[in-house]
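Every number for a ligand or one of its atoms is a count from 1 in the order of the listing. No hydrogens, no waters, no symmetry mates; every other heavy atom, side chains included, goes into these values.
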Amino acid sequence: MPIRGSVPFVFGVAIAACFATLAVAGEATVTSPDGAIAVTVNDDGGRAQYSVSFNGETVVGRSRLGLLFKDQHGIERDLEIASSDTANVDVTWEQPWGERRIVRDHHNELAVEFTATDGPARRMTVRFRVFDDGIGFRYEFPKQRGYKDLEITDELTEFAIGERATAWWIPSGEFNRYEYIYNESTAGEVQDAHTPITFRTEDGVHLSIHEAALADYSGMSLQRLRPGNFKAKLSPHADGVLVKTTAPFKTPWRTIQISPDAKGLLNSDLILNLNEPNKLGDVSWVEAGKYVGIWWAMHIRERTWGRDGIHGATTEETKRYIDFAAEHGFIGVLVEGWNIGWDGDWFNNGELFRFAETYPDFDIEELGEYAQSKGVRLIGHHETSGNISNYENQLADALDLYESVGVRAVKTGYVADAGNIERIDGSGIKRYEWHDGQVMVDHHLRVVTEAAKRKIAINAHEPVKDTGLRRTYPNWIAREGARGQEFNAWGSPPNPPSHTAILPFTRMLSGPMDFTPGIFDLTPNENPPVREDMQRSDPSNRPQTTLAKQLALYVVLYSPIQMAADLPENYEERMDAFQFIKDVPTDWEESIALDGAVGEFVTFARKERGGEDWYLGALTNEEPRTLEVPLEFLDAGKTYMAEFYRDGENAHWDTNPYDIKIYKREVTSAETLTLPLGASGGAAIRFTLAE
Ligand code: NOJ
Ligand code: CA
């Protein structure tokens with residue numbers, strides 16, 4: 001289904017207001033439109049600092065701000081607030097695709113200029129935007145004498161959370177990027193961590209620290225300074241410099257989402273609101289929808305990527321998937337392992353990939369035509385094994401080939417055994433880069449903008465984390481960036497039952513994830529991997545969920561592209577449950593997180609775009625629970641037919657995963673549903689207007 005372009009259609013007016021003050025010399029304050037959040041900025045002791053309160057209670061204690069440079073004086077000490085400016089914005093804008101069509105951006109702004117009182121003249125502005133659902137701030141470094149080509153050696157931004165909050169987090173600086181099982185601990189026990197990282201204070205306030213609009217800069221993780229106190233840690237270049245830039249420059253926004261409860265984090269648009277509007281113009285060619293693919297077969301080792309086994313990407317096998325996709329209404333078929341380079345140790349041989357050359361048993365032209373004759377498209381795949389120079393050298397040809405056979409979306413991949421990205425620098429020397437360093441931030445945007453020229457969308461695996469750039473580049477349609485379903489085939493251990501009850505409150509706050517839900521074969525993988533350097537084999541490898549929970553994932557884990565990840569034959573065995581996957585949309589008019597507790601359970605309602613249907617998804621961790629769900633989101637006074645796909649009374653992920661109840665009955669908005677969920681269970685419901 002094509003989507004319309006994104007055009008902001010209401011413009012707000014900046015009005016003078018008294019939400020921000022320079023109350024005492026050296027201090028400025030700004031509050032959220034509803035007054036609940038207050039940010040105070042000061043220059044005590046010659047240092048730039050901020051703190052944040054929510055409903056009168058401190059949620060971020062006094063925390064430093066500043067930047068250090070290799071060859072120039074830093075903006076660190078001997079500082080004073082020279083001036084401050086305020087603004088108020090209340091606008092709405094339209095998403096070409098998304099969790100909701102209309103987004104409101106309502107915030108108060110405070111821009112504080114710090115100047116040096118000693119040493120060479122130097123200045124910097126810190127711009128704060130305070131919304132009802134949290135804050136963002138960034139550094140704006142103007143052109144000034146002595147500061148032109150700059151190497152940033154430290155960003156001093158701190159986040160003083162305190163020791164006693166509960167935290168959900170994954171470690172940073174590790175080889176497997178963002179693909180870790182989440183830790184739950186006190187904030188005091190958090191080591192260096194990736195963002196988004198989510199905290200619940202002792203008062204039940206929920207906070208999530210992340211960043212927005214990461215471009216021309218390095219990714220930020222959190223470094224533990226003292227228990228519960230963190231500092232920005234920028235992912236370095238191979239030569240140790242953190243960021244290479246030229247004045248004037250602006251950093252990404254540092255963000256802190258703030259909510260009185262867990263579900264409020266899920267209903268926040270703060271990250272998107274801090275990104276620039278669409279720069280691509282007409283993006284009606286970006287297609288939301290569901291896809292299938294020659295993919296899970298490789299992960300459970302029934303097929304192989306290369307020809308050193310049972311090659312998956314053959315013309316014949318691809319036609320079988322295209323036929324299945326056409327019959328059941330999928331928009332695309334992903335094919336992995338179709339191009340030269342997969343034979344042998346592809347994890348370590350990224351330089352061998354040829355992105356415009358097919359294996360002889362894969363006829364890409366014939367398949368492109370065959371798919372389109374049936375209303376389906378091939379979905380492309382570019383695995384780089386982390387060798388970005390090899391990929392960039394072939395990028396234009398690779399994308400041209402895909403464009404010529406009707407491909408509208410390409411999944412990219414950056415696996416690498418040691419977690420390193422390989423790059424050949426200008427003098428021909430091989431350098432190793434981080435997945436979230438400035439080199440990769442630039443690389444991803446280069447791929448996304450090259451792809452846009454050919455009306456191709458990008459779904460990056462092993463990516464840099466999402467920071468909302470989909471608003472600016474709406475063809476950056478999804479990414480991985482967390483443990484996805486693939487870990488249930490071979491991960492050791494596989495994803496635990498709590499995993500998808502934590503993701504919505506952490507990883508998903510950053511943007512859509514290509515999790516690849518919908519595995520119907522819930523028996524252990526009989527054929528675990530033998531590669532010692534992949535992951536150890538584990539007889540417990542299977543999705544640790546009930547069947548109904550696999551369906552709930554389509555509503556809970558937002559992505560405009562959703563895979564039906566299992567083999568066609570496994571869907572053909574359970575067409576009754578498969579019907580939900582066929583029906584569920586991937587593009588929404590509105591989304592409402594109804595309830596949830598981090599790591600325990602979550603309930604979402606979403607209304608389809610361009611129609612009247614509502615969908616509900618609920619899931620739980622290993623604890624069975626019964627949810628009471630008021631249907632207030634439905635239109636009052638109308639009767640809906642609700643199609644239920646929920647756990648049966650004896651459902652349990654381990655002992656009885658297929659116990660599912662599928663039935664229909666009429667409901668209205670006045671009703672409160674009682675939904676029993678088994679251990680690691682779920683419920684998926686479609687509501688259509690009754691005749
Ligand atoms: C890792 C990706 O996450 C997975 O989806 C893909 O199949 C493999 N890399 C091979 O590219
Ligand atoms: Ca992966």
Check: Ring centres of Phe330 and Tyr571 under 6.0 Å apart?
Finding: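 They do not qualify: ring centres at least 6.0 Å apart.
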
Notebook entry, point to check: Can you check whether His382 and Tyr402 have ring centres sitting under 6.0 Å from each other?
Noted result: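 Aromatic pair counts; centres sit under 6.0 Å.
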
Notebook entry, point to check: Taking the six-membered ring of Tyr178, is NZ or CZ of Arg479 closer than 6.0 Å to its centre and within 45° of its axis?
Noted result: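 No cation-pi geometry.
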
Next item on the list: Determine the interplanar angle of the His299 and Trp296 rings, folded into 0 to 90°, and report it as parallel if under 30°, tilted if 30 to 60°, perpendicular if over 60°.
Entry: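 Geometry flag for Trp296 against His299: parallel rings.
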
Checklist line | Residues Glu316 and Lys319 bridged, charged N to O under 4.0 Å | finding: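 Looking at Glu316 and Lys319, the cut-off is not met.
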
Please check if the side chain of [X] supplies one atom and the backbone of [Y] the other of a donor-acceptor pair under 3.5 Å.
{"X": "Trp342", "Y": "His311", "result": "no"}
{"X": "Thr198", "Y": "Phe505", "result": "yes"}
{"X": "Gln579", "Y": "Met575", "result": "no"}

Of all the non-hydrogen atoms in the protein, which one sits nearest to [atom], and at what distance?
{"atom": "atom 4 (C) of ligand 1", "result": "Glu486 OE1, 3.2 Å"}
{"atom": "atom 11 (O) of ligand 1", "result": "Glu383 OE1, 2.6 Å"}
{"atom": "atom 1 (C) of ligand 1", "result": "Glu462 OE2, 3.0 Å"}
{"atom": "atom 7 (O) of ligand 1", "result": "Glu336 OE1, 2.6 Å"}
{"atom": "atom 3 (O) of ligand 1", "result": "His461 ND1, 2.8 Å"}

Margin query: Check contact between His381 and ligand 1, using heavy atoms of the residue and a distance below 4.0 angstrom.
Written below: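 So His381 counts as touching ligand 1.
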
Next item on the list: Select one of side chain, backbone, both or neither to describe which atoms of Lys411 lie under 4.0 Å from any atom of ligand 1, heavy atoms only.
Entry: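 The answer is the side chain of Lys411.
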
Next item on the list: Answer with side chain, backbone, both or neither: which part of Trp342 has a heavy atom less than 4.0 angstrom from an atom of ligand 1?
Entry: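 The part of Trp342 near ligand 1 is the side chain, not the backbone.
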
Notebook entry, point to check: For the Ca ion (ligand 2), what is the closest N, O or S atom on Glu486?
Noted result: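 Looking at Glu486, the N, O or S atom with the least distance to the Ca ion (ligand 2) is OE2.
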
Check: Closest N/O/S atom of Glu462 to the Ca ion (ligand 2), by atom name?
Finding: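 In Glu462, the N, O or S atom with the shortest distance to the Ca ion (ligand 2) is OE2.
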
Note to self: With a 4.5 Å cut-off on side-chain heavy atoms, are His237 and Val439 touching?
What the structure shows: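 Val439 reaches His237 side chain to side chain.
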
Check: Which of the atoms of ligand 1 are close to Val415, meaning less than 4.0 Å from one of its heavy atoms?
Finding: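 Answer, ordered by atom number: 1 (C), 9 (N).
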
Checklist line | Numbering as shown, the atoms of ligand 1 that approach Glu480 to under 4.0 Å (heavy-atom distance) | finding: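 Going through ligand 1 atom by atom, the ones under 4.0 Å from Glu480 are 3 (O).
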
Checklist line | the Ca ion (ligand 2): angle it makes with OE2 (Glu179) and OE1 (Glu480), nearest 10 degrees | finding: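 The two atoms form an angle at the metal of about 70°.
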
